[in-house]
Amino acid sequence: MSRLDNLSQELVELKPFITAEDAFGTAKTVFLEYANRKGLVFAEGDGGITVKYQALKDEEFVLEISDDGVQIFASTEKGAHNAFATVFQKMSVEG
């Protein structure tokens, strides 16, 4: 099980699922490799982490953390990589 600090510093449980638009496939693959090293396994599906396109600057991203999961918005792979790095910084593993 993994948990994430949301913006109000409360812990939310993260379901082990990930969905990413095709444009973010490389960032998703790198995230999954790092997650695996931490002992976390994510399957394709809704309810955990979702990565979607939004018109932003090259390395910019928007990260929304709620009880429903994590929403990442970016316009480039660089932005998605930065968002995933932030997710890892906020993530703790239990169990």
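Residues take their numbers from the sequence shown, with the count starting at 1. Just so it is clear, the structure is predicted and the values come from calculations on it, not from any experiment.
The residue from Leu63, Val30, Val51, Val70 that alone fulfils the side-chain contact (heavy atoms from CB on, under 4.5 Å) condition with Phe84 is Val51.
Listed for the Gln54 side chain is no donor-acceptor partner under 3.5 Å among the backbone atoms of Ala74. Put simply, the side chain of Ser75 never gets that close to the backbone of Ala55: no donor and acceptor are under 3.5 Å apart.
Residue His81 holds its NE2 atom at 5.0 Å from CD of Glu77, rounded to the nearest 0.5 Å. Interatomic distance, Phe73 CZ to Thr50 OG1, rounded to the nearest 0.5 Å: 8.0 Å.
For the pair Glu59/Thr76, no side-chain contact is recorded, criterion being any heavy-atom separation below 4.5 Å from C-beta on. Considering only heavy atoms from C-beta on, Thr19 stays 4.5 Å or farther from Ile49 through its side chain.
Partners of Glu44 under the salt bridge (Lys or Arg N to Asp or Glu O under 4.0 Å) rule, at least two apart in sequence or in another chain, are Lys28. Considering only residues two or more places apart in sequence or on other chains, Phe17 meets the side chain to side chain contact (heavy atoms under 4.5 Å, CB included) condition with Lys15, Ala43.
Ring geometry for Phe31 versus Phe88: interplanar angle of 30 to 60°, hence tilted.
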Under the side-chain contact (heavy atoms from CB on, under 4.5 Å) rule, what do Phe61 and Thr86 come out as? Steps first, then yes or no, please. CA-CA 10 Å; Phe61 64 91; Thr86 300; 3.4 Å; yes
Is there a side-chain contact (heavy atoms from CB on, under 4.5 Å) between Val62 and Ile72 once you walk through the steps? CA-CA 6 Å; Val62 174; Ile72 294 171; over 6 Å; no
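Taking hydrophobic clusters as Ile, Leu, Val, Met, Phe, Trp and Tyr residues chained together by side-chain heavy-atom distances below 4.5 Å, Ile65 shares a cluster with Val87.
Legend: salt bridge (Lys or Arg N to Asp or Glu O under 4.0 Å) pairs involving residues 45-57, not counting sequence neighbours: none detected.
Leu14 and Gly69 make their closest contact through CD1-CA, 4.5 Å (heavy atoms, listed as atom of the first residue, atom of the second, distance).
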